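Comments concern the structure below.
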2 protein chains.
Amino acid sequence: MITDLEKIKKYLQAVKIKPTYLRIRLLKYLLEKKNHPTGKMIYQALKKELPTISLTSIYNNLELFAKKGLVKILLLDPKEIRFDGEKGHHHFFCEKCQKIIDLPIDCNLIKKKKIFGHLIKDWDGYFFGICKDCQRDG
Amino acid sequence: MITDLEKIKKYLQAVKIKPTYLRIRLLKYLLEKKNHPTGKMIYQALKKELPTISLTSIYNNLELFAKKGLVKILLLDPKEIRFDGEKGHHHFFCEKCQKIIDLPIDCNLIKKKKIFGHLIKDWDGYFFGICKDCQRDG
DNA sequence: TCCAAATCTGTAATCATTACAAAATTATAA
DNA sequence: TTATAATTTTGTAATGATTACAGATTTGGA
Ligand SMILES: [Mn+2]
Ligand SMILES: [Mn+2]
Ligand SMILES: [Zn+2]
Ligand SMILES: [Zn+2]
């Protein structure tokens with residue numbers, strides 16, 4: 001678990017982002033929670049400790065983080081964008097309980113630098129179905 | 001090129017969808033065009049020949065088609081949903097020209113019925129970067 | 001401490017998607 | 001064919017996530 005604020009500050013500085021307190025707390029939230037939150041979910045969670053924050057700042061900084069490669073934007077849910085503080089894995093979306101589950105599994109395509117001549121910079125692997133728990137429950 | 005209306009009618013009936021004229025034309029559009037259109041793009045294209053259609057009907061029937069497995073919903077573009085009349089391939093999105101390109105390439109994960117115990121019903125593979133043409137052009 | 005630049009907030013606008021009721025179409029039976 | 005009920009389609013309004021923007025605040029350096 002990465003909680004040390006100084007360490008998070010360094011993550012931001014490493015990609016040339018000025019480490020304001022809001023940004024540190026936002027990145028801390030993304031690195032600690034594994035819940036693939038929406039912008040609003042992050043806003044509501046951080047609001048408890050930082051009552052003056054705005055949803056706009058959350059969105060703006062999430063976009064900044066994504067642009068700098070600090071977080072991953074997930075388009076898994078057609079209703080709203082979700083964010084992930086960890087990169088490099090596939091995702092599973094359960095049609096019963098709506099949970100998003102990490103799939104750290106090897107894939108022969110994601111190592112490729114080019115596919116059919118197209119330069120690959122990033123990738124998303126989404127899987128849909130019924131999760132292990134929901135299968136058991138009925 | 002699949003253009004025969006009778007053949008498209010049979011595709012609809014095969015999945016228990018009543019083959020109204022609008023639905024036949026909508027599926028015809030999706031099967032003929034390879035442009036991964038948005039709902040609005042389809043609406044504007046079909047409107048030229050069917051002036052009375054509504055955007056609501058396009059959306060409703062696209063959702064119906066997707067539910068019956070006739071078309072694929074692409075969550076590639078954060079701004080809007082795109083639709084694909086063909087299934088079973090990965091997609092590439094060029095950050096320069098915004099083109100969506102099919103990637104009919106083998107992947108060792110998509111054949112799996114289960115991953116970590118989760119039942120797989122469908123999957124999406126997205127790749128992002130710079131397409132072949134845009135690399136050459138600069 | 002003072003100042004300019006960057007960031008943040010609060011509110012309003014945007015716009016894809018959905019909800020809903022009325023009109024039109026379709027299928028079925030008399 | 002005609003009547004009737006069910007389904008589909010239309011037109012409009014509502015929803016809600018995301019974005020735009022201007023003013024307030026914070027930040028870092030002189
Ligand atoms: Mn994840
Ligand atoms: Mn395709
Ligand atoms: Zn589940
Ligand atoms: Zn391109």
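In what follows, chains carry the letters A, B, and so on, assigned in the order in which the sequence lines appear, proteins first and then strands, with residues in each chain numbered from 1. Computation of the quantities below employed the complete heavy-atom set of this structure, encompassing side-chain atoms and omitting hydrogens, waters and symmetry-equivalent molecules. Predicted model only: the values in this text are computed from it and were never measured.
For the side chain to side chain contact (heavy atoms under 4.5 Å, CB included) criterion with A:Leu62, the lone passing option out of A:Ile81, A:Leu30, A:Ile73 is A:Leu30.
Looking at residues 76-87 of chain A, you'll see A:Lys79, A:Glu80, A:Ile81 sit with a heavy atom under 4.0 Å from some atom of DNA chain D.
When the local axes at the two ends of the helix from C:dT1-D:dA30 to C:dA30-D:dT1 are compared, using 5 base pairs at each end, they differ in direction by 20° after rounding to 10°.
B:Gln13 places no side-chain N or O within 3.5 Å of a backbone atom of B:Pro19 that could act as its donor or acceptor partner. Of the possible polar contacts, none joining the A:Lys121 side chain to the B:Glu95 backbone as a donor-acceptor pair under 3.5 Å is found.
A donor atom on one side chain and an acceptor atom on the other are found under 3.5 Å apart for A:Tyr43 and A:Lys47. Looking at B:Tyr21 and B:Arg25, their side chains do bring a donor and an acceptor atom within 3.5 Å of each other.
Atom CG of B:Leu64 is separated from atom C1' of D:dT7 by 12 Å (rounded to the nearest Å). In this entry the distance linking CZ of B:Phe65 with P of D:dT8 reads 11 Å, nearest Å. Separating the CE atom of A:Met41 from the P atom of D:dT18 is a distance of 12 Å, rounded to the nearest angstrom. Between the P atom of C:dA23 and the CG atom of B:Leu22 lies a distance of 20 Å, rounded to the nearest Å. Between A:Asn60 atom CG and C:dT7 atom C1' the separation is 9 Å, expressed in whole Å. One can place CD1 of A:Ile17 at 16 Å from C1' of C:dC8, the figure rounded to the nearest angstrom. For the pair B:Tyr43 OH and C:dC15 P, the interatomic distance rounds to 17 Å; values are reported in whole Å. Separating the CG atom of A:Asn61 from the C1' atom of D:dT18 is a distance of 15 Å, rounded to the nearest angstrom.
When each of A:Tyr59 and B:Thr20 is assigned the nucleotide of DNA chain D with its nearest heavy atom, B:Thr20 is the one assigned upstream, toward the 5' end. Map B:Lys40 and A:Lys47 each onto its nearest nucleotide of DNA chain C; the residue landing nearer the 5' end is A:Lys47. Both B:Ile53 and B:Lys18 lie close to DNA chain D; mapped to their nearest nucleotides by heavy-atom distance, the more 5′-ward contact belongs to B:Lys18.
Judged as a ring pair (Phe, Tyr, Trp, His ring centres under 6.0 Å), and not counting sequence neighbours, the contacts of B:Phe92 are A:His118.
Within 4.0 Å of A:Thr52, counting heavy atoms only, lie sugar-phosphate atoms of the nucleic acid but no base atom.
Note on B:Lys72 versus B:Glu86: no salt bridge recorded, every NZ/NE/NH1/NH2 to OD/OE distance being 4.0 Å or above.
A perpendicular orientation is assigned to the rings of B:His36 and B:His89, their planes being inclined by more than 60° (bins at 30° and 60°). Ring orientation note: the planes of B:Tyr126 and B:His91 are tilted relative to one another, at an angle of 30° to 60°.
Using a 4.0 Å cut-off, no side-chain N or O of A:Ser54 falls inside it from OP1 or OP2 of C:dC8.
Comparing C:dT17, C:dG10, C:dC20 by their nearest atom to the side chain of A:Thr56 picks out C:dG10.
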